[in-house]
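Presented below is the structure to which this report refers.
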Amino acid sequence: MNNWELVIGIEIHIELNTNTKMFSPMLNNFDSKQNHNVSNIDLAYPGSLPLVNKGAIIRAIKLAKALNMTIDPYVRFDRKNYFYPDLPKGFQITQQFHPIGSNGFVKAKVDNVWKDIAIERIHMEEDTAKSIHKNNLTYLNYNRAGIPLIEIVSNPVMHSAKEAAAYVDAIRQTVLCLNISDAKMNEGSLRTDINISIRKKGTNEFNSRVEI
């Protein structure tokens, strides 16, 4: 095993602390009663038209600047079609092809040594509804559908669990300092997908990865 190295890339979703949702005027509040903050825009009813939340854009630009990124001068969105049981529209409005920030980095402290960890992109999008699994049933809370998100995609440049944890903590401290999110993992306002693969030391290719 000494001939192999771990390769880690991380996707972090941050729920933004705007007063309203990403594309509708409904309240963005974790403590609201289930299925009370839902509009026809969140559910993509025929004829409903989304309107982008200016506060979310400002927060995304703040984060892009804090992460030393190039900021796209145009705010553009794409429709990403896929099926989730808790995705009421059947599609997600996201910046799949036009991220607001690209090619940045964050400083993370690992074993008392500061390291620049490269970040590929950040982009804005909307959250799905929340699934609650209880006994043999699944309940859906649509209050979360449409809450503004920023997804932060690192480059696959981390090589240990300690380094990955330091990176996530650095991102969390950054968004807390900027006051753009409460970044509470227990409430889902900070969530991580960890992409892991292995390769022989001294090589540069990327092998099959697993997302956790």
Side-chain angles (χ1 to χ4, degrees), residues 9-30 32 34-64 67 69 71-72 74-102 119-133 138-154 171 175 180-185 187-195 209-212:
I10 301 180
E11 301 165 15
I12 298 178
H13 282 92
I14 298 287
E15 286 187 350
L16 300 176
N17 58 3
T18 54
N19 292 324
T20 55
K21 293 186 179 182
M22 189 73 204
F23 299 105
S24 84
M26 297 308 295
L27 191 65
N28 173 15
N29 184 4
F30 178 82
S32 294
Q34 293 90 338
N35 294 317
H36 270 54
N37 300 333
V38 186
S39 77
N40 56 355
I41 296 173
D42 303 323
L43 301 178
Y45 279 16
S48 62
L49 295 174
L51 181 65
V52 69
N53 188 324
K54 181 179 177 180
I57 296 172
I58 292 171
R59 286 163 174 77
I61 292 172
K62 285 182 177 180
L63 182 59
L67 298 179
M69 296 190 132
I71 299 173
D72 194 322
Y74 298 102
V75 176
R76 295 173 285 187
F77 289 92
D78 309 287
R79 178 183 288 196
K80 185 178 179 182
N81 294 279
Y82 55 91
F83 175 77
Y84 276 179
D86 51 9
L87 186 67
K89 295 178 179 179
F91 63 86
Q92 181 186 43
I93 304 175
T94 182
Q95 293 185 306
Q96 185 175 2
F97 303 111
H98 308 288
I100 195 165
S102 57
I119 300 172
E120 177 187 325
R121 59 186 279 158
I122 68 170
H123 59 267
M124 295 179 288
E125 59 189 17
E126 57 182 339
D127 211 342
T128 64
K130 183 177 181 180
S131 297
I132 301 100
H133 306 290
T138 297
Y139 301 88
L140 293 175
N141 182 0
Y142 288 101
N143 284 352
R144 200 175 77 176
I147 285 179
L149 288 176
I150 291 179
E151 182 172 349
I152 307 163
V153 182
S154 82
I171 294 293
V175 300
I180 62 174
S181 173
D182 59 17
K184 293 180 179 179
M185 294 189 75
E187 293 185 2
S189 55
L190 187 153
R191 309 194 293 271
T192 63
D193 298 322
I194 315 297
N195 296 293
R209 65 185 179 186
V210 175
E211 184 177 287
I212 300 175

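Note that the structure is a prediction, hence the values are computed from the model and not measured. Numbers for residues simply follow the sequence, beginning at 1.
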Heavy-atom pair of closest approach, residues K21 and V38: NZ-CA, 4.3 Å

Supply the atom-to-atom distance L27 CG to N19 CG, rounded to the nearest 0.5 angstrom. 7.5 Å

Is there side-chain contact between M26 and D42, with at least one heavy-atom pair below 4.5 Å? yes

Closest heavy-atom pair, A60 versus I122, reported as atoms and distance to 0.1 Å, is O-CD1, 3.6 Å

Contact between I171 and L67 at the side-chain level, heavy atoms closer than 4.5 Å - yes or no? yes

Minimum-distance pair of heavy atoms, taken over all atoms of S131 and L140: OG-CD2, 3.4 Å

Distance-only, no hydrogens or angles: does the N28 side chain make a donor-acceptor pair with backbone N or O of T18 under 3.5 Å? yes

Side-chain touch V52/F23, heavy atoms, less than 4.5 angstrom: yes

Heavy atoms, side chains only, cut-off 4.5 Å: are R144 and T128 in contact? yes

Test salt bridge (charged side-chain N to carboxylate O under 4.0 Å, His left out) applied to K89 and E126, step by step: CA-CA 11 Å; K89 295 178 179 179; E126 57 182 339; 2.9 Å; yes

Quick check: do E187 and D182 have side-chain heavy atoms less than 4.5 Å from each other? yes

Is the closest side-chain donor-acceptor distance between S32 and N143 under 3.5 Å? no

The reported gap from CG in N37 to OH in Y142 (rounded to nearest 0.5 angstrom) is 15.0 Å

Indicate yes or no: at least one non-hydrogen side-chain atom of R59 is less than 4.5 angstrom from one of I14. no

Measuring from E11:CD to T192:OG1, what's the distance to the nearest 0.5 Å? 10.0 Å

Is there a side-chain contact between H13 and D193, using heavy atoms and a 4.5 Å cut-off? yes

Within the distance-only criterion (no hydrogens, no angle test), does the side chain of D78 pair as donor or acceptor with the backbone N or O of Q96 below 3.5 angstrom? yes

Test item: V153 and I119 side chains (from C-beta on) under 4.5 Å apart, heavy atoms: no

Under 3.5 Å: donor-acceptor pair, side chain of E125, backbone of L149: no

Less than 3.5 Å apart, any donor N or O on the side chain of S189 or E15 sitting next to an acceptor on the other? no

Where is the tightest heavy-atom contact between P99 and D72, given as atom of each residue plus distance? O-CB, 3.6 Å

Would you check if the side chain of N195 reaches a backbone N or O of R209 as a donor-acceptor pair within less than 3.5 Å? no

